Amino acid sequence: MPKISTFFYGIGQGIKSIFRNRTFSLASIGTMAACLFLFGVFYIMLSNVEYIVKNAETNVGITVFFDEGITDEQIEEIRAQIMTRAEVHTVEYISAEQAWENYKNTKLSPELASSFGDDNPLEDSASFTVYLNDVAMQDSLVRFVKGLPGVRKCNDAAGIADTLSGFNKVITIGSAVIITILLFVAAFLIGMTVSTGVSVRREEISIMKLIGASNFFIKIPFVVEGVLIGIIGAVIPLVIIRLAYIRITNMLAEKFSTMFNMVSFLNVETVMKVLIPASLAIGIGIGFISSRFTLRKQLRKIEVN
Amino acid sequence: MSDKFDLYRAESEEIEPPVILLEEVSKDYVEGQHALKNVSLEIRKGEFVFIVGSSGSGKSTLIKLLLKEISPTKGHIMVAGKELSRLRENSICKLRRSIGIVFQDFRLLKDRTVFDNVAFAQRVLEVPNYKIRRDVPRVLSIVGLSEKLRSYPDELSGGEQQRVALARALVNNPVILLADEPTGNLDPRNSWEIMHLLEEINRRGTTVVVVTHNREIVDAMQKRVITLNKGVIIGDQKGGYSHAKN
């Protein structure tokens, strides 16, 4: 059983080795950082798209437009029919006046809006917005609503959801390919760094073997070196991503505030809760595996005399 | 394993048990070309033995076999009570802890002081610091380097560097001290100093095996001399180099 002091020795020697092989260490840390940065960016994109899709499905709901000349009683009848459905959460009535007011405020400049005077081009655009308890039931509700007398049109959020889901698939495949390639490059570079460390310390390792040092004692500084490179390579992008995410989402929120009535991003803590353990696990895992693999090959080559 | 091995293991206490035992050992690096051929020898605890022979006689192969850096093609080897053929990969380090070794080129770490070079041998075996602080000065005083604790190898003469290497080999109290051409890089005065030290170490109970070309020293010390030629032992007797058939 190795002693605690051996672990401290390994950590000390591992740190020394990183500084001794500065160039290779920096290249390995840089590649690992780039790889995990991209991993972080892709993860953020994917998780936010998923979040937006979910929001779109639950928040946008479906919009029901009525036939021209429909009476208030008929509209109330349609509401009552819709409310009988178990999957319906709420039904919100938007009058033609409200619809025009919203449109003017969000889509038109004040000058253009005022040029319409008292006219309401959306006179027949009164609608219900129906929010659901269960998004999975959206299709059957839409079919039901379309069959009701007095209903002219019924829009659902499936279009938005489908587009975003397709986008998600492309990002997932693209990011998986890029991240895999980068992880291999990072593993290779860590292997090179450890290999250089072994070459630099060839004489010392040879003496260690000669004196009777255990394999664990000989290997631990190099394994620590690989793992430390992995940790540093993970921490750098995590810090950058955290700072950038806050700034970018704040900036987007300021610039596109109208759009953000509908679309909102995951908060930074939610993102980091997944990203921190995942990045550290990848960094440590790649560092550990590549250094162990390299050591197995390199240490065999060193003779004791 | 042959009966002879068992016999040695059960030997009486009157005769010192062998610490190195080779039985019919051959080593072929290329099939049919023997680096060592049917070598049998025993070295008992407390002996001082010279191994001599010209280049290519098999001396280096013998050392590699004793350190289990290579395995024999045929035969059995026992070192410090361990049968090497039965030794697993992760137990080789334990075998080497019972052998102190000194080389012609000293093999010191240039970036560390005399103290640290010797302490290194204990640190890699995870010896506690208080023991290192006790043992290193003790062993450095045996080799006469108490005053050079803080010096670096480059600040020392060849003889002093070899004495540091000796101290490093001795600090963990090995059963066997293996010296491979320990005087090869030294002038006659330093060579004799090292040989006297080896003799002193032997007097304290350590088995000493010296591989050397130095005819003058071998002749003068009148110890057991094993002569190798083309992988075969051609002489094994007490006396000088000149007594050995070569």
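Bear in mind the structure is a predicted one, so any value in this text is a computation, not a measurement. Here is the naming used below: chain letters follow the sequence lines, and residue numbers restart at 1 for every chain.
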A.B. asks: So for atom NZ, which belongs to B/Lys45, do other residues, nucleotides or ligands contribute more than 12 heavy atoms lying within a distance under 6.0 Å?
C.D. replies: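 Not buried by this count: 12 neighbours or fewer within 6.0 Å.
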A.B. asks: B/Phe120 vs A/Glu204, test: side chain to side chain contact (heavy atoms under 4.5 Å, CB included). Steps then yes/no.
C.D. replies: CA-CA 10 Å; B/Phe120 182 69; A/Glu204 190 179 335; 3.6 Å; yes
A.B. asks: Check whether more than 12 heavy atoms from other residues, nucleotides or ligands sit under 6.0 Å from atom NZ of B/Lys74, and answer yes or no.
C.D. replies: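 Result for NZ/B/Lys74: enclosed.
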A.B. asks: Would you please test B/Cys93 and A/Met208 for side chain to side chain contact (heavy atoms under 4.5 Å, CB included) and show each step?
C.D. replies: CA-CA 9 Å; B/Cys93 60; A/Met208 280 187 186; over 6 Å; no
A.B. asks: Nearest 0.5 Å, what's the CG-NZ distance between B/Leu67 and A/Lys209?
C.D. replies: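 It is 12.0 Å, given to the nearest 0.5 Å.
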A.B. asks: Taking all non-hydrogen atoms of both residues, which atom of B/Val124 and which atom of A/Ala213 are closest, and how far apart?
C.D. replies: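 Minimum heavy-atom contact is CB-CB, 3.8 Å.
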A.B. asks: Does B/Lys59 have more than 12 heavy atoms from other residues, nucleotides or ligands lying within 6.0 Å of its NZ?
C.D. replies: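 Yes, because the 6.0 Å sphere around NZ of B/Lys59 holds more than 12 heavy atoms from other groups.
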A.B. asks: Count the heavy atoms of every other residue, nucleotide or ligand shown that sit under 6.0 Å from OH of B/Tyr29, and state whether that count exceeds 12.
C.D. replies: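 Atom OH in B/Tyr29 is packed in, count exceeds 12.
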A.B. asks: Can you tell me if CZ on A/Phe42 sees more than 12 non-hydrogen neighbours from other groups inside 6.0 Å?
C.D. replies: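 Yes, the 6.0 Å shell around CZ holds more than 12 heavy atoms from other groups.
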A.B. asks: Strictly by salt bridge (Lys or Arg N to Asp or Glu O under 4.0 Å), give each pair with a member in residues 160-176 of chain B just once, sequence neighbours left out.
C.D. replies: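 Residue pairs with at least one partner in residues 160-176 of chain B: B/Lys148-B/Glu160, B/Arg163-B/Glu193.
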A.B. asks: Just give me the residue among A/Ile218, A/Asn215, A/Ile211 that pairs up with chain B most often, heavy atom to heavy atom, under 4.5 Å.
C.D. replies: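 Among A/Ile218, A/Asn215, A/Ile211, the one with the most close pairs to chain B is A/Ile211.
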A.B. asks: Report the distance from atom CZ of B/Arg107 to atom CD1 of A/Ile207, rounding to the nearest 0.5 Å.
C.D. replies: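 It is 6.0 Å, given to the nearest 0.5 Å.
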A.B. asks: Check each atom of B/Arg123 against the heavy atoms of chain A and say whether the ones under 4.5 Å are side chain, backbone, both or neither.
C.D. replies: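 It is the backbone, since no side chain atom gets that close.
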A.B. asks: Where does B/Asn172 contact chain A at under 4.5 Å (heavy atoms): side chain, backbone, both or neither?
C.D. replies: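 Interface part for B/Asn172: side chain.
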A.B. asks: Could you tell me the separation between the CZ atom of A/Phe217 and the CG atom of B/Leu125, rounded to the nearest 0.5 Å?
C.D. replies: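 If I round to the nearest 0.5 Å, the distance is 8.0 Å.
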A.B. asks: Around A/Arg292, counting heavy atoms of other residues, nucleotides and ligands shown, do more than 12 lie under 6.0 Å from its CZ?
C.D. replies: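 No.
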